[in-house]
Amino acid sequence: PIVIVYFVQNAESGKKCNLALYNFILIKYNITITFFFFFLKMKKILALIMALCMIFALAGCGNKSDSDLDYVKEKGKLVVGVTVFEPMDYQDADGKWVGFDADMANAFAESLGVEAEFQIIDWDSKAMELESKTIDVVWNGMTLTDEVKGAMDCSNAYFNNAQVVIVKSDKAQQYQTVDSIKELNFAVENGSAGAQQLDDLGIKYTPVADQATALTEVTAGTSDAAVIDFLMAVSMVGEGTDYDKLTHTVSLNKEEYGVGFRKGSDLVDELNKFFKESYADGTMKKIADNYKIAEYLIEQNMIRTVECRLI
């Protein structure tokens, strides 16, 4: 502060003026210093309070988002990512989603106290849709494999399966070995286990939207062959089906189905427990019998964690 001292001609009165001014400045200085330190102290306290609030807020958000089970219960629905894949997920004449996976998804959702909502996805983008929370689960006859890099957390395996070659019935005898199919023009679901098998064999193919489309391509003659899941072939190909002029020949592998969730999802343990209970009380087998695939069920006699890699 700048202190201006006024001098007066009267020495005596000047001394009194200077003394009064000095006392005034001293008092003002003390008040200023006191308020300054009080302000600093209050700033520190306010900053500490704000920091603690942010920590508790973030901790609260973190706990909430860490639980997929809580997230699903809070919104009241389990969003299931599917493609049209008989006998696992498909729509009946009324537009209702049915099939082994659809029926099991509905039962699982009911056990959680929520509803199942089915959403058609691009199978090649299923991991991205899962992580972005567009869907909560991939439940659509999904193959469990160690060969694929993109990983998600998965349920225990519940069905045995294979990738099989589909051709027209009148040409089936010509294509009974892997070597015999290498020159065929294939239609295969993009991003599927069948596509991976053909990639491994070095066989070229035309990618299509789903396995049903691949069958349509073969029926129409625009493709010579398709590769689809064995469980789908059992239900959709051959005499008495919509594709009665087609049949399956070569089996390219052996594999298992599992259900996929986000990394770290607590829904995995919930579903494994549900699988075990449903197998024990006969519900799982009863649903599989409805779609004539019960003989391929995997016994659910233990709880184990499976690392799922998407294909």
Side-chain angles (χ1 to χ4, degrees), residues 68 72 75-123 125-126 129-130 134-144 152 154-161 189 192-193 209-215 228-237 241-243 255-262 265 267-268 270-279 281-298 300 308 310:
D68 268 358
V72 165
K75 65 179 180 173
K77 62 183 179 181
L78 178 74
V79 183
V80 184
V82 299
T83 64
V84 178
F85 177 19
E86 191 174 345
M88 310 312 286
D89 294 298
Y90 61 101
Q91 291 175 288
D92 64 13
D94 297 323
K96 178 184 176 182
W97 283 95
V98 295
F100 179 85
D101 282 350
D103 291 356
M104 287 293 290
N106 277 317
F108 177 57
E110 185 178 348
S111 75
L112 299 178
V114 301
E115 294 184 357
E117 179 182 294
F118 297 90
Q119 182 166 317
I120 294 178
I121 60 172
D122 178 355
W123 192 246
S125 303
K126 53 190 173 291
E129 298 212 39
L130 193 61
T134 304
I135 58 174
D136 299 311
V137 56
V138 179
W139 203 332
N140 191 228
M142 184 174 66
T143 302
L144 302 174
M152 62 168 76
C154 283
S155 72
N156 295 335
Y158 62 97
F159 258 120
N160 288 306
N161 186 50
E189 180 183 33
S192 68
D210 51 45
Q211 297 191 58
T213 302
L215 294 178
I228 68 170
D229 290 54
F230 172 71
L231 290 180
M232 186 179 193
V234 169
S235 175
M236 292 187 67
V237 172
T241 71
D242 291 339
Y243 300 96
E255 59 190 34
E256 298 174 333
Y257 284 168
V259 180
F261 297 92
R262 282 180 279 277
S265 176
L267 286 171
V268 177
E270 288 293 322
L271 182 58
N272 283 339
K273 183 172 69 173
F274 177 78
F275 273 174
K276 185 179 180 182
E277 293 170 354
S278 299
Y279 191 90
D281 67 18
T283 301
M284 215 170 185
K285 186 177 184 303
K286 183 179 179 181
I287 293 175
D289 277 333
N290 290 339
Y291 301 99
K292 299 179 175 58
I293 52 176
E295 64 184 290
Y296 308 110
L297 269 176
I298 295 175
Q300 303 293 303
C308 170
L310 292 176

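In what follows, every heavy atom counts, from backbone to side chain, and hydrogens, waters and symmetry copies are set aside.
Between Asp68 and Ser265, the closest heavy-atom pair is OD2-OG, 2.9 Å. The minimum heavy-atom distance linking Lys292 with Val234 is given by the pair O-CG1, 4.3 Å. Summarising the geometry of Lys77 relative to Asp136, their closest heavy-atom pair is O-OD2, 3.8 Å, with the distance given to 0.1 Å. Closest non-hydrogen pair, Ser278 versus Asp281, comes out as O-OD1, 2.8 Å. Scanning both residues, Ala157 and Glu256, for their nearest heavy atoms gives CB-OE1, 3.3 Å. The two residues Ala116 and Ala109 have their closest heavy-atom pair at N-CB, 3.6 Å.
Between the OG1 atom in Thr83 and the OH atom in Tyr90 there is a gap of 13.5 Å [rounded to 0.5 Å]. A distance of 10.5 Å separates CG of Asp210 from OG of Ser192, quoted to the nearest 0.5 Å. Atom CG in Asn161 sits 4.5 Å away from atom CD in Glu255 (nearest 0.5 Å). In this structure, CD1 on Ile228 lies 4.5 Å from CG on Leu215, to the nearest 0.5 angstrom. Atom CG of Leu130 sits about 5.0 Å away from atom CE of Met152, to the nearest 0.5 Å. We find the CD-CD distance between Glu129 and Gln119 to be 6.5 Å, quoted to the nearest 0.5 Å.
For the pair Tyr279 (side chain) and Met284 (backbone), a donor-acceptor distance under 3.5 Å is absent. Side-chain atoms of Asp94 do not come within 3.5 Å of backbone N or O of Lys96 as any donor-acceptor pair. A donor-acceptor contact shorter than 3.5 Å is absent between the side chain of Ser235 and the backbone of Glu86. Using a distance-only test at 3.5 Å, with no hydrogens or angles considered, a donor-acceptor pair links the side chain of Asn106 to the main chain of Ala102.
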>> Could you go through Phe230 and Asn160, starting from their C-alpha distance and side-chain angles, then the distance that decides it, and tell me whether this counts as side-chain contact (heavy atoms from CB on, under 4.5 Å)?
In response: CA-CA 9 Å; Phe230 172 71; Asn160 288 306; over 6 Å; no
>> For Phe275 and Met104: C-alpha separation, side-chain torsions, deciding distance, then whether side-chain contact (heavy atoms from CB on, under 4.5 Å) applies.
In response: CA-CA 9 Å; Phe275 273 174; Met104 287 293 290; 3.7 Å; yes
> Passes side-chain contact (heavy atoms from CB on, under 4.5 Å), Thr134 versus Ile121? Steps please.
Replying inline: CA-CA 9 Å; Thr134 304; Ile121 60 172; over 6 Å; no
>> Between Met142 and Lys126, is the side-chain contact (heavy atoms from CB on, under 4.5 Å) condition met? List the steps.
In response: CA-CA 10 Å; Met142 184 174 66; Lys126 53 190 173 291; 4.2 Å; yes
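By the 4.5 Å heavy-atom criterion applied to side chains, Trp97 and Val80 are not counted as neighbours. A heavy-atom distance below 4.5 Å is found between the side chains of Leu267 and Leu112.
For Glu110, the CD atom sits in a loose shell: 12 or fewer heavy atoms of surrounding residues, nucleotides or ligands are nearer than 6.0 Å. For NZ of Lys75, the number of neighbouring non-hydrogen atoms (other residues, nucleotides, ligands) closer than 6.0 Å is greater than 12. Around the CG atom of Asp242, the shell of radius 6.0 Å holds no more than 12 heavy atoms that belong to other residues, nucleotides or ligands.
A side-chain donor from one of Asp101 and Tyr158 sits under 3.5 Å from a side-chain acceptor of the other.
The only member of Asp229, Ile298, Thr143, Leu231 that meets side chain to side chain contact (heavy atoms under 4.5 Å, CB included) when paired with Phe159 is Leu231.
Taking the six-membered ring for Trp, Phe274 and Phe108 have ring centres closer than 6.0 Å.
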